[in-house]
Amino acid sequence: MRISFWIYATLAVLGLFLSCRHPFFWDTTQLASRQAQWFFDHRFHSLLLPAVIDSGHPPGFGMYLAFLWQLFGQSLPVSHFAVFPFILITIAVLAKLGDRLHPGTGDWLPLLIFVDPVFATQSTLVSPDNVVIAGFLLGLYGSWTHQRWLLVVGTLMLSATSMRGMMATAGLYVFEILAAEKKVLDWRFGLQKMLAYVPAGLLSLAFLLLHYQAKGWIGFHADSPWAPSFAKVGWSGLVRNAVVLILRLLDFGRIFLWLSMGIIAAIIWRYWQPFWKLDHVRRLSILCLVMLAMESFSFLVYRGVNLHRYLGPFFLSADILFVVLLLKSCLSERWKSFLFAFTLIGLISGHFWIYPPYIAQSWDTTLAHWPHYALRQKMIDYLDQKHIPLNEVGTAFPEIGPLHWRDLSQQQRGFTAKNLEQQSYIFYLRTMNDFSDAERITLFKDWKQEVVFQQGFLTAILFKKMD
C-alpha cells in the first residue's frame with residue numbers, strides 16, 4: 001500500500017481519538033444510538049423497529065453497532081471505533097480509484113475529501129452515512145475496474161443502510177448504462193450489467209416487503225414523527241426547494257470547487273479541446289449528473305428532506321471529477337497547485353461559515369459544532385450543582401430525552417421538550433435549529449440569562465423565566 005494511504009490513515013486515527021468520547025449528535029441519536037439500543041436490549045429478536053424510532057430505513061447499521069456492543073461493551077469509544085473500518089475503506093478506495101483515473105490523483109483526492117465539511121464531520125460521528133460513503137465508493141470502484149464482486153459488496157452495504165443507499169445503488173446502475181453510450185438501448189447489455197445488482201435489489205425488496213407487510217407503510221406514514229418532513233410541496237415549495245438545493249451546492253466552501261472547475265473547463269475549451277472528451281472526464285460527468293438527479297428528486301418534492309449529507313454521493317462524484325479534470329488539464333504545474341490549494345482552503349473555510357441564528361444550519365456537516373459537547377456537559381454540571389432537575393428544563397433537538405441516548409451513561413434523566421408557557425428554565429444552544437424566531441426574541445427579551453457558556457462559535461444559555 002502506498003505511503004500516502006498510511007499518512008491519511010494516521011490522520012484518521014488521530015481524528016478518531018480526538019472524537020471517540022463525543023456523544024451521539026443530531027440524527028445519529030436516532031439512526032445509530034436508539035436503534036442499536038433496541039437491538040441490544042431485545043437481542044435481535046426482530047428485524048423491524050418499533051414505530052417511535054422506525055424511520056423506514058433498513059436497520060443494518062443499528063444492528064451492526066448493537067452487535068459490537070455485545071462483543072466489546074456499550075461505550076462511546078466502541079461506537080466510534082465501529083465506523084473506523086468504513087473510513088479506512090473510503091481512504092483506500094479513493095487512493096486506488098484515483099490511481100486508475102490519472103497518476104497523482106490517488107495522492108490528492110483523499111486530502112480533498114477529508115477536509116470537505118460534509119465528509120470530515122461525518123467521519124467524526126457515529127453515523128450510518130460513513131457506510132453509505134464507503135459502499136458507494138466501493139461499488140463505483142468495482143464498476144470502474146470491472147470487478148463485479150466489489151460492486152456487489154458495495155451495493156449490499158448501501159442497501160442495508162438506508163433508502164438513500166438504495167437510491168445510490170440505482171444511480172450506479174443507471175450510470176453504467178448511460179456511460180456505455182453505444183449500448184444504452186441494448187436490453188441484453190442492460191440485463192448483463194444488472195446481474196451484479198441482483199443481491200442488493202433482493203435485499204432491498206425483501207426488507208421493503210417485510211416492512212410493508214408488518215407496518216403497512218414504506219418510507220414514512222401519517223403518524224410518523226418525521227411525517228412533516230415528507231409532506232409534498234406545491235409549485236411554490238418546489239421553487240423554494242430548488243433555491244435551497246442551489247444553496248446546498250454552494251455552501252460550506254463548495255463554491256470554491258465550482259469556481260475552480262469552471263476556470264479549468266473554460267481554459268481547456270479555449271486552448272485545447274472540449275473538456276468532456278478528456279479520458280474518464282466524460283464518464284465522471286455522467287456520474288455526477290446521474291447522482292444529482294437521483295438525490296435531488298426527494299430533495300425537491302418533499303418539504304424537509306434537504307440536508308447536506310443527503311447529497312453525499314453527488315458531492316463525492318464532483319470532488320473526484322474536479323481532481324481528475326485538474327490533473328488532466330493543460331495547465332502548468334504551478335497553476336494546478338494554485339487551483340487545488342484555492343479549492344482546499346475554500347473547503348476548509350467552510351467549517352467557519354456560521355449563519356445568523358434565524359437561518360437553520362446543518363451542524364452535523366461542519367466541525368464548528370464540536371464545542372457542542374463540552375458546552376452541553378458544562379450546562380448539565382451547572383444544573384446538578386444548583387440542584388435543578390433536568391426534567392424541569394425545556395430544550396430542543398438534539399438534546400431532548402434521556403442522557404443515555406447520547407452518552408451511553410445509563411442515565412435515564414434528561415431534558416424535556418421546550419414549552420415557554422409552562423417551564424421556568426430553558427436550555428438554549430446555538431446548534432438547536434428548532435427554536436423559532438419568536439421564541440428566541442421572547443427568551444432574549446423577557447427572560448433572564450441565568451448562566452452563559454461560550455466556546456468557539458457556540459453559546460449555551462440557561463434562561464430563567466422572570467417572576
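As a basis for the values below, the full set of heavy atoms in this structure was taken, side chains included, without hydrogen atoms, waters or symmetry mates. Source: prediction; values computed, not measured.
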Heavy atoms of Leu339 and Leu326 approach each other most closely as CB-CD1, 4.1 Å
The salt bridge (Lys or Arg N to Asp or Glu O under 4.0 Å) partners of Asp437 (sequence neighbours excluded) come to Arg440
Exactly one of Gln411, Gln412, Gln37 clears side-chain hydrogen bond (donor to acceptor under 3.5 Å, both in side chains) with His404, and that residue is Gln37
> Can His211 and Trp217 be said to form a side-chain contact (heavy atoms from CB on, under 4.5 Å), step by step?
Replying inline: CA-CA 7 Å; His211 193 280; Trp217 56 274; 3.6 Å; yes
Looking only at heavy atoms, the pair that brings Pro313 and Ala168 closest together is CG-CB, 4.3 Å
If we ignore hydrogens and angles and just use 3.5 Å, is the side chain of Arg406 paired with the main-chain N or O of Pro402 as donor and acceptor?
yes
Only one of Tyr428, Phe444, Phe427, Tyr358 passes ring pair (Phe, Tyr, Trp, His ring centres under 6.0 Å) with Phe435, and that residue is Tyr428
* **Non-hydrogen side-chain atoms of Leu247 and Val243 separated by less than 4.5 Å** => yes
Kindly say whether the aromatic ring centers of Trp258 and Phe322 come within a distance under 6.0 Å. no
Main-chain N/O of Ala368 paired to His351 side chain as donor or acceptor, under 3.5 Å = no
- Query: Any side-chain heavy atom of Pro117 sitting closer than 4.5 Å to one from Leu347?
  - Reply: yes
Which of Phe39, Phe86, Phe44 passes ring pair (Phe, Tyr, Trp, His ring centres under 6.0 Å) with Tyr64? It is Phe86
task = Determine yes or no for a side-chain-to-main-chain donor-acceptor pair under 3.5 angstrom, with Tyr141 supplying the side chain and Leu94 the backbone.
result = no
If you define the side chain from C-beta out and look only at heavy atoms, does anything of Phe457 sit under 4.5 Å from Thr431? no
Side chains of Met166 and Pro58: closer than 4.5 Å at any heavy-atom pair?
yes
Strictly distance-based, threshold 3.5 Å: is any side-chain N or O of His308 a donor or acceptor partner for the main-chain N or O of Val118?
no
**OP:** Could you label the plane-to-plane angle of the His369 and Tyr373 rings as parallel, tilted or perpendicular, counting under 30° as parallel and over 60° as perpendicular?
**Re:** perpendicular
(message) If we ignore hydrogens and angles and just use 3.5 Å, is the side chain of Lys465 paired with the main-chain N or O of Leu420 as donor and acceptor?
(response) yes
Residues at least two apart in sequence or cross-chain that pass side chain to side chain donor-acceptor pair (under 3.5 Å) with Asn306, listed by chain then number, are none
In terms of heavy-atom contacts, Met291 and Phe314 come closest through CB-CA, 4.0 Å
Taken to the nearest 0.5 Å, the spacing of Leu140 CG from Thr155 OG1 works out to 12.0 Å
Sidechain-backbone polar pair: Ser19 side chain, His22 backbone, donor-acceptor under 3.5 Å: no
Measuring only between side-chain heavy atoms, which start at C-beta, is Phe352 closer than 4.5 Å to Thr366? no
Ser349 side-chain N/O to Gly253 backbone N/O, donor-acceptor pair under 3.5 Å | no
Sorted by chain and number, sequence neighbours left out, salt bridge (Lys or Arg N to Asp or Glu O under 4.0 Å) with Glu450 holds for Lys448
In terms of heavy-atom contacts, Asn241 and Leu300 come closest through ND2-O, 2.8 Å
Next on the checklist: Does any part of the side chain of Trp370, heavy atoms only, come nearer than 4.5 Å to the side chain of Thr121, both counted from C-beta?
Outcome noted: no
Report task. Could you walk me through whether Leu462 and Phe453 pass side-chain contact (heavy atoms from CB on, under 4.5 Å), step by step? Result -> CA-CA 9 Å; Leu462 180 66; Phe453 298 115; over 6 Å; no
Note to self: Quick check on the 6.0 Å ring-centre criterion: do Trp38 and His45 meet it?
What the structure shows: yes
From the list Gln35, Lys215, Gln30, side-chain hydrogen bond (donor to acceptor under 3.5 Å, both in side chains) partner of Asp54 resolves to Lys215
| request: Please say whether the positively charged group of Arg43, taken as NZ for Lys or CZ for Arg, lies over the ring of Phe40, i.e. under 6.0 angstrom from the six-membered ring centre and within 45 degrees of the axis. | output: yes
Show me the donor-acceptor pairs, under 3.5 Å and distance only, between side chains in residues 383-393 and residues at least two apart or in other chains.
| unit_1 | atom_1 | unit_2 | atom_2 | d |
| --- | --- | --- | --- | --- |
| Asp384 | OD1 | Arg413 | NH1 | 2.9 |
| Asp384 | OD2 | Arg413 | NH2 | 3.0 |

Asp251 meets the salt bridge (Lys or Arg N to Asp or Glu O under 4.0 Å) criterion, sequence neighbours left out, with none
Query - Residue pair Trp69, Ser79: steps toward the side-chain contact (heavy atoms from CB on, under 4.5 Å) verdict - result: CA-CA 8 Å; Trp69 285 351; Ser79 303; 3.0 Å; yes
**Prompt:** Any donor-acceptor pair under 3.5 Å linking the side chain of Thr395 with the backbone of Ile400?
**Reply:** no
Could you walk me through whether Ile345 and Phe256 pass the side-chain contact (heavy atoms from CB on, under 4.5 Å) check? CA-CA 9 Å; Ile345 294 170; Phe256 291 91; over 6 Å; no
Taken in chain and number order and not counting sequence neighbours, the residues that satisfy salt bridge (Lys or Arg N to Asp or Glu O under 4.0 Å) with Arg164 are Asp129
Minimal heavy-atom distance between Ser362 and Leu307, with the atoms involved, is OG-CD2, 3.8 Å
